[in-house]
There are 2 protein chains.
Amino acid sequence: MHLSDRQKLILTLIIHEHIHTAQPVGSKTIVEKYDLTMSSATVRNEMAVLTDVELLRQPHTSAGRVPTEEGYRFFVGNLIQKSGLPTNTRRTITHQFYQSRQDIEQWLKLAASVLANQSQAASLVTAPHSEKAIFKHLELIATRGRQVLMVLVLVGGEIRQQFISLAEPVPQEQLSQIANQLSHLCLRQDIQGISRLQGQLDPIGQEILEILLAEMSLIEESATGEIYLEGMTNVLSEPEFSESDEARQALHILEEPSMLENLLASTMMNTDVGGIQVLIGGEGTWEELRQVSLVLARYGDPKTLTGSIGVLGPIRMPYDRTISTVRFVANVLSDLVSETLAV
Amino acid sequence: MHLSDRQKLILTLIIHEHIHTAQPVGSKTIVEKYDLTMSSATVRNEMAVLTDVELLRQPHTSAGRVPTEEGYRFFVGNLIQKSGLPTNTRRTITHQFYQSRQDIEQWLKLAASVLANQSQAASLVTAPHSEKAIFKHLELIATRGRQVLMVLVLVGGEIRQQFISLAEPVPQEQLSQIANQLSHLCLRQDIQGISRLQGQLDPIGQEILEILLAEMSLIEESATGEIYLEGMTNVLSEPEFSESDEARQALHILEEPSMLENLLASTMMNTDVGGIQVLIGGEGTWEELRQVSLVLARYGDPKTLTGSIGVLGPIRMPYDRTISTVRFVANVLSDLVSETLAV
DNA sequence: TTTAGCACTCTCGGCTTGAGAGTGCTAAAT
DNA sequence: ATTTAGCACTCTCAAGCCGAGAGTGCTAAA
């Protein structure tokens, strides 16, 4: 299907208008609001055509037109390349990142917060995560009796801490020594490498080694890192969600880590770092997302550590703005991650 | 104000009924539903009295009665002592905790999840936090160039990790040595104690000491630990929130950490561990909470480490059930925390 | 090809109306 | 002195009706 320039213009204007009135838009409205040189009748004819090819829809005979999901997709398709963020917005955002604490967790929270505020919608950010767990460093800290705090650092910077309970109390001295020994033996090894050490250590070392291995497989198995959400309430203030049930279902997906991981896994599979995915109205697959759209991106270092960020808002969200924000924040995070965390 | 037993009964029944119909309840209804031995006229007379003392309210002349906030308070007051959780529910919950990973973070997430599911409302859990930061252990892990990962453990078990950037690159060997030295020097010291070490160390040690101090004051300043939320969407499915704005405002408070910390600080001040606070309809102070109630509890070790947990639901929530759940989960957490984290 | 004009359709808010729910009062019954 | 039956009264709510307004599609002229 190919559209004339005029048809594209009209489609764009209708979407644009609908996005911030949340109302069906009529022929007269756009002629007047945008000072078109043609008459409303002409617009009406074009609108009829656009309705035929299912880019527009009329809720009822005598209402204006509303974009269909296909319409939004067309619109977004034309949009996804260009669209930059205003320089001062970029500056504000960058500034916030560089004056926050130099800490990956802070950055991720900040990213979630920036996305939520800029887009006035719900945002999600997953911590960078690598598919392959490679050992970097281990610490053991005695707490009380047999309880020991284990801190495991992976190449790339993922950190897990966990309280473990040993078979018998071990003094801090000895723990440090074991940690040191293991740190050296395991450095830059993956799970296979480390499991080869089994049986070569004293009993306590062996005990810890097993816990270590269990933890590392756990990390490899999980599909994403920690998930940060923000701005759920923003979505609720959109007029189309005053009958809250539609919004509830969508937000519920965000709240349920397993569902969200699924969604991200299946969506981001074929998206590389720097790329943007726009999911409009659930794309026929995700029933619960029928009334919302998702703008998603990957960030990080393609081969090693990646995470996802995204925004969930009403279908009639300001895509240009949202896409550029998401893309920009993804880039900022990519930079920060590769600066700080790389081996 | 003192009520006759019959009045109490009627009040209780009305609240009970209203809680699961979400409708005003009339005299005839309760006589029939609860097989009362008196007639509806009698009930009506009593209802008139209860309305006079503002425990009940009628939305309009010819509707049934609805409890006022005061009414709920009276009801909850009679309730707060007793109310135990069914044994099998207790078992289910305990079971979940003991089969989860032995990790404070997991426990807190689990607590949030249990509360949200059991009460079908929104839950909040703050990580245990002590007002006084006491040093336990320090680790420094080289990552790349001047970037160093610092892991700080406090007595009580709070852990902070942070990437720091030193003036010049330092090899892991030396970092370990510094960490060791500092760990010994600072053991069980508070901020004052540690600041006395200033100037007695080599330049790198000094640099790290300062970051350490900054971090510790940051911890002391913050009012709560990490906050975990869950089940926000549960609240949205309540009928009174189909006009979503009321719910939005309340959920917004949960989403905004500063507001929530405020709320917790001012509410929990005079609640000791094991105690329960029930905030009904914002108690006149919290405008945004007018339409909701909060059931809050403290857990942890009174003198050292405490955190808060709570449930936010519609005013007409099943208080008995919610209170016992919150109390039970608080106790479980207290046990786990004191078992694991104590010095 | 575009546009003016017009008849037509459909929604939406306002209004009315009747049914139903629930009350409060009064007078009789216990 | 309570309790209860009876009844008139009040108010909401859903349904139906109406007219205004918005917007369309078609036709015929420019």
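To find a chain, count down the sequence lines: A is the first, B the second, and so on, and within it residues start at 1.
The environment of NZ in K8(A) is crowded: more than 12 heavy-atom neighbours from other residues, nucleotides or ligands sit within 6.0 Å. For R73(A), the CZ atom counts as densely surrounded, since its 6.0 Å shell holds more than 12 non-hydrogen atoms of other residues, nucleotides or ligands. Counted within 6.0 Å of CD on E54(B), heavy atoms from surrounding residues, nucleotides or ligands total 12 or fewer; the atom is thus considered open.
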- Going through the checks in order, is the side chain to side chain contact (heavy atoms under 4.5 Å, CB included) test met by T89(A) and T87(A)? CA-CA 5 Å; T89(A) 315; T87(A) 333; over 6 Å; no

- Task: Take T325(B) and Q118(B), measure what side chain to side chain donor-acceptor pair (under 3.5 Å) needs, and give me the verdict at the end.
- Result: CA-CA 7 Å; T325(B) 312; Q118(B) 290 287 328; 5.0 Å; no

- Task: Could you walk me through whether F241(B) and V292(B) pass the side chain to side chain contact (heavy atoms under 4.5 Å, CB included) test, one step at a time?
- Result: CA-CA 10 Å; F241(B) 296 133; V292(B) 300; 3.7 Å; yes

- Verify side chain to side chain contact (heavy atoms under 4.5 Å, CB included) between E230(B) and L115(B), making sure each step is shown before the conclusion. CA-CA 8 Å; E230(B) 212 172 307; L115(B) 287 177; over 6 Å; no

- Go through the steps for S119(B) and R321(B) under the test side chain to side chain donor-acceptor pair (under 3.5 Å), then give the verdict. CA-CA 8 Å; S119(B) 65; R321(B) 173 94 199 189; over 6 Å; no

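A side chain to side chain donor-acceptor pair (under 3.5 Å) with E238(A) is found for one member of Q120(A), R316(A), Q291(A) and no other, namely R316(A). The only option from N234(B), L229(B), L254(B) that meets the side chain to side chain contact (heavy atoms under 4.5 Å, CB included) definition with L312(B) turns out to be L254(B).
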- Query: Can you give the dot-bracket line for DNA chain D, using ( ) for pairs inside the strand, [ ] for pairs that cross earlier ones, | for pairs with another strand and . for unpaired bases, where Watson-Crick and G-U count if both distances are under 3.5 Å?
  - Reply: ||||||||||||||||||||||||||||||

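For Y319(A), the ring-ring contact (aromatic ring centres under 6.0 Å, His included) test picks out Y72(A), with sequence neighbours left out.
Annotation: proximity of residues 6-19 of chain B to DNA chain D (heavy atom, distance under 4.0 Å) is found for R6(B), numbered in ascending order. Within residues 23-46 of chain B, the residues that have a heavy atom under 4.0 Å from DNA chain D are, in order of number, T37(B), M38(B), S39(B), A41(B), T42(B), R44(B), N45(B).
One finds no salt bridge joining E246(A) and R290(A) here, because no Lys/Arg side-chain nitrogen approaches an Asp/Glu carboxylate oxygen to under 4.0 Å. Ion pair E46(A)/R6(A) flagged as a salt bridge, since at least one NZ, NE, NH1 or NH2 atom sits closer than 4.0 Å to an Asp/Glu carboxylate oxygen.
The two residues S4(A) and Q7(A) come nearest to each other via the heavy atoms N-OE1, 2.8 Å.
Taking the 5' to 3' direction, DNA chain D first and last meets chain B under 4.0 angstrom from a heavy atom at dT3(D) to dT12(D).
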Enumerate all atom pairs, one protein N or O and one N or O from nucleotides 10-13 of chain C, separated by less than 3.5 Å.
| from | atom 1 | to | atom 2 | distance (Å) |
| --- | --- | --- | --- | --- |
| dC10(C) | OP1 | T61(A) | OG1 | 3.3 |
| dC10(C) | O5' | T61(A) | OG1 | 3.4 |
| dC10(C) | O2 | S62(A) | OG | 3.3 |

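With hydrogens and angles disregarded, no donor-acceptor distance shorter than 3.5 Å links the side chain of T267(B) to the backbone of L264(B).
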